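These numbers were taken from a predicted model, which means no experiment stands behind them. Each ligand, and each atom within it, is numbered from 1 in the order the structure gives.
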Amino acid sequence: MGDYPQVDTVIEQIPDHVAIIMDGNGRWAQQTGKERKEGHQEGMEAIRRVTIRASERGIKVLTLYAFSTENWKRPPQEVKFLMQLPVKFFDRFVPELQENNIKVNMIGFKDKVPGSTKKAIEKAIDETKNNTGMILNFAFNYGGRAEIVEATKSLFDKVLSGQINKKDISEEVLQAELLTNSITPYDDVDLLIRSSGEQRLSNFLLWQNAYSEFYFSKLFWPEFTGEVLDKALLDYQYRSRRYGAI
Ligand code: IPE
Ligand code: IPE
Ligand code: MG
(Lines give C-alpha, C1' and ligand atoms only; values in the text may rest on other atoms or scores of the structure.)
(Ligands and ions follow the chains in the order given, each with its own letter.)
Protein backbone atom coordinates (compact mmCIF):
# COMPACT_ATOMS: atom_id res chain seq x y z
CA MET A 1 0.00 0.00 0.00
CA GLY A 2 1.38 3.37 -0.95
CA ASP A 3 1.31 6.29 1.44
CA TYR A 4 -0.94 8.88 -0.17
CA PRO A 5 -2.20 11.70 2.03
CA GLN A 6 -5.51 12.21 0.26
CA VAL A 7 -6.67 8.61 0.70
CA ASP A 8 -8.48 9.31 3.98
CA THR A 9 -10.82 11.66 2.23
CA VAL A 10 -11.65 9.30 -0.63
CA ILE A 11 -11.91 5.97 1.14
CA GLU A 12 -15.58 6.37 2.11
CA GLN A 13 -17.22 5.76 -1.25
CA ILE A 14 -14.97 3.93 -3.63
CA PRO A 15 -16.82 3.04 -6.85
CA ASP A 16 -16.95 -0.69 -7.59
CA HIS A 17 -16.53 -0.40 -11.36
CA VAL A 18 -14.35 2.31 -12.88
CA ALA A 19 -14.07 2.43 -16.68
CA ILE A 20 -11.54 4.55 -18.52
CA ILE A 21 -11.44 5.76 -22.10
CA MET A 22 -7.67 6.10 -22.44
CA ASP A 23 -7.50 8.83 -25.05
CA GLY A 24 -4.81 11.21 -26.31
CA ASN A 25 -1.80 8.98 -26.92
CA GLY A 26 -1.39 10.30 -30.46
CA ARG A 27 -1.70 13.96 -29.52
CA TRP A 28 0.70 13.50 -26.63
CA ALA A 29 3.28 12.12 -29.03
CA GLN A 30 2.60 14.79 -31.64
CA GLN A 31 3.04 17.69 -29.23
CA THR A 32 6.44 16.38 -28.23
CA GLY A 33 7.51 15.71 -31.83
CA LYS A 34 7.30 11.92 -31.51
CA GLU A 35 5.58 9.26 -33.59
CA ARG A 36 2.07 8.22 -32.54
CA LYS A 37 3.27 4.76 -31.58
CA GLU A 38 5.54 6.29 -28.96
CA GLY A 39 2.42 7.73 -27.42
CA HIS A 40 0.88 4.26 -27.25
CA GLN A 41 4.09 2.90 -25.75
CA GLU A 42 4.05 5.61 -23.08
CA GLY A 43 0.36 4.96 -22.52
CA MET A 44 1.31 1.50 -21.24
CA GLU A 45 3.17 3.12 -18.36
CA ALA A 46 0.05 5.07 -17.48
CA ILE A 47 -1.95 1.81 -17.51
CA ARG A 48 0.50 0.36 -15.05
CA ARG A 49 0.39 3.37 -12.70
CA VAL A 50 -3.38 3.63 -12.75
CA THR A 51 -3.94 -0.13 -12.38
CA ILE A 52 -1.80 -0.33 -9.27
CA ARG A 53 -3.43 2.72 -7.72
CA ALA A 54 -6.93 1.50 -8.54
CA SER A 55 -6.17 -1.84 -6.93
CA GLU A 56 -4.78 -0.12 -3.82
CA ARG A 57 -7.94 1.96 -3.56
CA GLY A 58 -10.16 -1.13 -3.45
CA ILE A 59 -11.85 -0.74 -6.82
CA LYS A 60 -13.43 -4.07 -7.80
CA VAL A 61 -13.25 -3.79 -11.59
CA LEU A 62 -11.15 -1.45 -13.71
CA THR A 63 -12.19 -1.57 -17.36
CA LEU A 64 -9.77 0.01 -19.81
CA TYR A 65 -10.77 0.84 -23.38
CA ALA A 66 -7.72 -0.26 -25.34
CA PHE A 67 -9.05 -0.82 -28.86
CA SER A 68 -12.49 -0.08 -30.28
CA THR A 69 -14.29 -1.81 -33.13
CA GLU A 70 -13.87 1.54 -34.95
CA ASN A 71 -10.10 1.72 -34.45
CA TRP A 72 -9.64 -0.63 -37.43
CA LYS A 73 -10.12 2.51 -39.53
CA ARG A 74 -6.61 3.67 -38.55
CA PRO A 75 -3.57 3.22 -40.81
CA PRO A 76 -2.50 -0.46 -40.97
CA GLN A 77 0.85 0.12 -39.29
CA GLU A 78 -0.80 1.82 -36.30
CA VAL A 79 -3.38 -0.98 -36.04
CA LYS A 80 -0.56 -3.51 -36.16
CA PHE A 81 1.27 -1.71 -33.36
CA LEU A 82 -1.86 -1.49 -31.21
CA MET A 83 -2.54 -5.21 -31.76
CA GLN A 84 0.91 -6.04 -30.43
CA LEU A 85 0.64 -3.91 -27.30
CA PRO A 86 -1.08 -6.57 -25.17
CA VAL A 87 1.81 -8.95 -25.91
CA LYS A 88 4.32 -6.36 -24.68
CA PHE A 89 2.18 -5.28 -21.75
CA PHE A 90 1.60 -8.75 -20.33
CA ASP A 91 5.21 -9.79 -20.97
CA ARG A 92 6.37 -6.98 -18.74
CA PHE A 93 3.64 -6.57 -16.18
CA VAL A 94 2.12 -9.95 -15.32
CA PRO A 95 4.56 -10.41 -12.39
CA GLU A 96 3.45 -7.07 -10.98
CA LEU A 97 -0.20 -7.98 -11.48
CA GLN A 98 0.47 -11.20 -9.56
CA GLU A 99 2.12 -9.31 -6.69
CA ASN A 100 -0.99 -7.17 -6.45
CA ASN A 101 -3.43 -10.10 -6.65
CA ILE A 102 -4.96 -8.62 -9.83
CA LYS A 103 -7.00 -10.81 -12.16
CA VAL A 104 -7.03 -10.13 -15.90
CA ASN A 105 -10.23 -10.26 -17.92
CA MET A 106 -11.12 -9.23 -21.46
CA ILE A 107 -14.25 -8.04 -23.20
CA GLY A 108 -14.33 -7.70 -26.96
CA PHE A 109 -14.57 -9.64 -30.20
CA LYS A 110 -11.87 -12.19 -30.85
CA ASP A 111 -12.36 -12.20 -34.62
CA LYS A 112 -9.73 -10.20 -36.52
CA VAL A 113 -7.40 -10.12 -33.49
CA PRO A 114 -4.05 -11.74 -34.47
CA GLY A 115 -3.36 -15.19 -33.01
CA SER A 116 -0.25 -14.07 -31.10
CA THR A 117 -2.27 -11.32 -29.40
CA LYS A 118 -5.08 -13.70 -28.49
CA LYS A 119 -2.52 -16.12 -27.07
CA ALA A 120 -0.88 -13.42 -24.93
CA ILE A 121 -4.24 -12.32 -23.55
CA GLU A 122 -5.38 -15.88 -22.85
CA LYS A 123 -2.07 -16.62 -21.13
CA ALA A 124 -2.39 -13.55 -18.87
CA ILE A 125 -5.98 -14.51 -18.03
CA ASP A 126 -4.91 -18.04 -17.20
CA GLU A 127 -1.88 -16.99 -15.12
CA THR A 128 -3.95 -14.62 -13.00
CA LYS A 129 -7.15 -16.68 -12.80
CA ASN A 130 -6.74 -17.55 -9.13
CA ASN A 131 -6.15 -13.98 -8.01
CA THR A 132 -8.90 -12.62 -5.83
CA GLY A 133 -8.24 -8.87 -5.94
CA MET A 134 -9.21 -6.28 -8.53
CA ILE A 135 -10.28 -7.39 -11.99
CA LEU A 136 -8.30 -5.62 -14.71
CA ASN A 137 -10.73 -5.80 -17.58
CA PHE A 138 -9.42 -4.87 -21.02
CA ALA A 139 -11.92 -3.77 -23.65
CA PHE A 140 -10.10 -4.89 -26.75
CA ASN A 141 -11.78 -4.86 -30.15
CA TYR A 142 -14.83 -3.81 -28.17
CA GLY A 143 -17.86 -1.89 -29.44
CA GLY A 144 -21.02 -1.14 -27.49
CA ARG A 145 -23.42 -1.35 -30.41
CA ALA A 146 -21.93 -4.60 -31.71
CA GLU A 147 -22.19 -6.00 -28.19
CA ILE A 148 -25.92 -5.22 -28.06
CA VAL A 149 -26.46 -6.69 -31.55
CA GLU A 150 -24.74 -9.94 -30.52
CA ALA A 151 -26.80 -10.10 -27.32
CA THR A 152 -29.96 -9.63 -29.39
CA LYS A 153 -28.99 -12.48 -31.72
CA SER A 154 -28.28 -14.74 -28.78
CA LEU A 155 -31.66 -13.97 -27.20
CA PHE A 156 -33.37 -14.54 -30.53
CA ASP A 157 -31.78 -18.01 -30.75
CA LYS A 158 -32.89 -18.80 -27.21
CA VAL A 159 -36.46 -17.81 -27.98
CA LEU A 160 -36.43 -19.83 -31.21
CA SER A 161 -35.14 -22.92 -29.46
CA GLY A 162 -37.67 -22.49 -26.67
CA GLN A 163 -35.07 -21.90 -23.93
CA ILE A 164 -36.85 -18.72 -22.95
CA ASN A 165 -40.16 -17.03 -23.69
CA LYS A 166 -40.38 -13.61 -25.30
CA LYS A 167 -42.45 -12.37 -22.35
CA ASP A 168 -39.59 -13.21 -19.98
CA ILE A 169 -37.09 -10.93 -21.72
CA SER A 170 -36.20 -8.22 -19.23
CA GLU A 171 -33.32 -5.82 -18.64
CA GLU A 172 -31.67 -8.46 -16.46
CA VAL A 173 -32.05 -11.14 -19.13
CA LEU A 174 -30.58 -8.89 -21.83
CA GLN A 175 -27.76 -7.75 -19.56
CA ALA A 176 -26.79 -11.36 -18.93
CA GLU A 177 -26.10 -11.72 -22.68
CA LEU A 178 -23.67 -8.79 -22.79
CA LEU A 179 -19.89 -9.25 -22.76
CA THR A 180 -19.82 -7.77 -19.26
CA ASN A 181 -21.48 -10.93 -17.93
CA SER A 182 -17.86 -11.92 -17.23
CA ILE A 183 -17.66 -9.25 -14.50
CA THR A 184 -21.06 -9.80 -12.86
CA PRO A 185 -22.16 -8.40 -10.38
CA TYR A 186 -20.24 -5.29 -11.42
CA ASP A 187 -21.67 -5.08 -14.96
CA ASP A 188 -22.73 -1.45 -14.57
CA VAL A 189 -20.11 1.29 -14.61
CA ASP A 190 -20.06 3.54 -11.54
CA LEU A 191 -17.43 6.03 -12.67
CA LEU A 192 -16.45 6.68 -16.27
CA ILE A 193 -13.23 8.60 -16.87
CA ARG A 194 -12.01 9.96 -20.21
CA SER A 195 -8.66 11.62 -20.72
CA SER A 196 -7.54 14.11 -23.39
CA GLY A 197 -10.38 16.61 -23.04
CA GLU A 198 -12.81 14.83 -25.38
CA GLN A 199 -16.27 14.44 -23.90
CA ARG A 200 -17.93 11.54 -25.68
CA LEU A 201 -18.52 7.81 -25.23
CA SER A 202 -17.08 6.61 -28.55
CA ASN A 203 -19.23 3.46 -28.44
CA PHE A 204 -17.93 2.40 -25.00
CA LEU A 205 -20.17 0.33 -22.70
CA LEU A 206 -23.37 1.97 -23.95
CA TRP A 207 -25.73 -0.12 -21.85
CA GLN A 208 -23.49 -0.26 -18.80
CA ASN A 209 -22.96 3.52 -18.62
CA ALA A 210 -26.69 4.24 -18.33
CA TYR A 211 -26.30 5.66 -14.80
CA SER A 212 -22.56 6.13 -14.41
CA GLU A 213 -20.91 9.34 -13.26
CA PHE A 214 -18.59 11.01 -15.79
CA TYR A 215 -15.20 12.54 -15.08
CA PHE A 216 -13.22 14.26 -17.81
CA SER A 217 -9.55 15.11 -17.59
CA LYS A 218 -7.75 17.40 -20.03
CA LEU A 219 -4.54 15.42 -19.60
CA PHE A 220 -3.45 13.13 -22.42
CA TRP A 221 -3.43 9.47 -21.38
CA PRO A 222 0.39 9.15 -21.15
CA GLU A 223 0.28 11.99 -18.60
CA PHE A 224 -2.32 10.25 -16.44
CA THR A 225 -1.18 9.25 -12.93
CA GLY A 226 -2.47 7.65 -9.77
CA GLU A 227 -2.97 11.16 -8.37
CA VAL A 228 -5.33 12.01 -11.22
CA LEU A 229 -7.29 8.83 -10.49
CA ASP A 230 -7.48 9.93 -6.85
CA LYS A 231 -8.85 13.30 -7.97
CA ALA A 232 -11.56 11.55 -9.96
CA LEU A 233 -12.41 9.34 -6.97
CA LEU A 234 -12.58 12.37 -4.73
CA ASP A 235 -14.91 14.09 -7.18
CA TYR A 236 -17.06 10.95 -7.40
CA GLN A 237 -17.78 10.81 -3.71
CA TYR A 238 -19.53 14.17 -3.82
CA ARG A 239 -21.86 13.13 -6.62
CA SER A 240 -25.46 12.45 -5.76
CA ARG A 241 -26.65 9.41 -7.72
CA ARG A 242 -30.42 9.56 -7.87
CA TYR A 243 -31.25 6.98 -10.56
CA GLY A 244 -34.36 8.91 -11.46
CA ALA A 245 -35.65 9.15 -7.90
CA ILE A 246 -35.52 12.28 -5.74
C1 IPE B 1 -5.96 6.43 -27.43
O2 IPE B 1 -5.19 7.42 -28.00
C3 IPE B 1 -5.51 5.04 -27.80
C4 IPE B 1 -6.41 4.35 -28.72
C5 IPE B 1 -7.50 4.82 -29.24
C6 IPE B 1 -6.03 3.01 -29.10
P7 IPE B 1 -5.40 7.91 -29.48
O8 IPE B 1 -4.56 7.08 -30.38
O9 IPE B 1 -6.82 7.97 -29.83
O10 IPE B 1 -4.81 9.37 -29.40
P11 IPE B 1 -5.39 10.67 -30.07
O12 IPE B 1 -6.82 10.77 -29.70
O13 IPE B 1 -5.21 10.49 -31.55
O14 IPE B 1 -4.56 11.77 -29.53
C1 IPE C 1 -11.78 5.73 -28.09
O2 IPE C 1 -10.84 6.63 -28.54
C3 IPE C 1 -11.24 4.33 -28.19
C4 IPE C 1 -10.18 3.99 -27.26
C5 IPE C 1 -9.69 4.76 -26.33
C6 IPE C 1 -9.67 2.65 -27.39
P7 IPE C 1 -10.83 7.16 -30.04
O8 IPE C 1 -9.70 8.12 -30.13
O9 IPE C 1 -10.83 6.02 -30.97
O10 IPE C 1 -12.23 7.89 -30.14
P11 IPE C 1 -12.73 9.05 -31.11
O12 IPE C 1 -12.42 8.62 -32.51
O13 IPE C 1 -11.97 10.27 -30.73
O14 IPE C 1 -14.18 9.18 -30.81
MG1 MG D 1 -8.28 9.37 -29.70
inquiry  = Please list the nearest protein heavy atom to atom 13 (O) of ligand 2 with its residue and the distance rounded to 0.1 Å.
reply    = R200 NH2, 2.8 Å

query = For K80, does the NZ atom sit with more than 12 other heavy atoms under 6.0 Å from it, leaving out its own atoms?
reply = no

request  = Write down the atom of N141, the atom of D111, and the distance for their closest heavy-atom approach.
outcome  = ND2-O, 3.1 Å

ask   = Which of the numbered atoms in ligand 1 are below 4.0 angstrom from a heavy atom of H40?
value = 3 (C), 8 (O)

query = Would you say R36 touches ligand 1, if touching means a heavy atom closer than 4.0 Å?
reply = yes

key: The single option from T63, D188, T180 passing side-chain hydrogen bond (donor to acceptor under 3.5 Å, both in side chains) against H17   = T63

ask   = In terms of the angle between their ring planes, are F140 and F67 parallel, tilted or perpendicular, with boundaries placed at 30° and 60°?
value = tilted

ask   = Hey, is ligand 1 close enough to R27 that some N/O pair sits below 3.5 Å?
value = yes

message = Using heavy atoms and a 4.0 Å limit, tell me yes or no: is S196 in contact with ligand 1?
response = no

ask   = Got a donor-acceptor contact below 3.5 angstrom from the E213 side chain to the Y236 backbone?
value = no

query = Between F67 and ligand 2, which residue portion shows a heavy-atom distance shorter than 4.0 Å: side chain, backbone, both, or neither?
reply = backbone

message = For atom 14 (O) of ligand 2, what's the nearest protein heavy-atom neighbour? Residue, atom name and distance, please.
response = S202 OG, 2.6 Å

task = With the Mg ion (ligand 3) as the reference point, give the N/O/S atom of D23 that is nearest.
result = OD1

inquiry  = I need the minimum non-hydrogen distance between N203 and Y142, along with the two atoms involved.
reply    = O-CE2, 3.6 Å

message = Using a 3.5 Å distance criterion without hydrogens, assess whether the side chain of N25 forms a donor-acceptor pair with backbone atoms of W221.
response = no

task = Could you name the option among M22, R194, E198 that has the heavy atom nearest to atom 2 (O) of ligand 2?
result = R194

request  = Pick, from Q31, R74, E70, the option with the minimum heavy-atom distance to atom 8 (O) of ligand 1.
outcome  = R74

message = With respect to Y65, determine whether any N or O atom, backbone or side chain, lies less than 3.5 Å from an N or O atom of ligand 2.
response = no

task = Would you mind telling me if ligand 2 is within reach of the side chain of K73, the backbone, both or neither, using heavy atoms under 4.0 Å?
result = neither

In one Ile/Leu/Val/Met/Phe/Trp/Tyr side-chain cluster, 4.5 Å: V189, F214 = yes

ask   = Please state which protein non-hydrogen atom is closest to atom 10 (O) of ligand 1 and give its distance, to 0.1 Å?
value = G26 N, 2.9 Å

remark   = d(Q84 CD, H40 NE2) to nearest 0.5 Å is 12.5 Å

Nearest protein heavy atom with distance in Å, relative to atom 9 (O) of ligand 2 = N71 ND2, 2.9 Å

key: Test log, rule side chain to side chain contact (heavy atoms under 4.5 Å, CB included), inputs I148 and L178   = CA-CA 7 Å; I148 293 169; L178 298 175; 4.2 Å; yes

task = Select one of side chain, backbone, both or neither to describe which atoms of A66 lie under 4.0 Å from any atom of ligand 2, heavy atoms only.
result = backbone

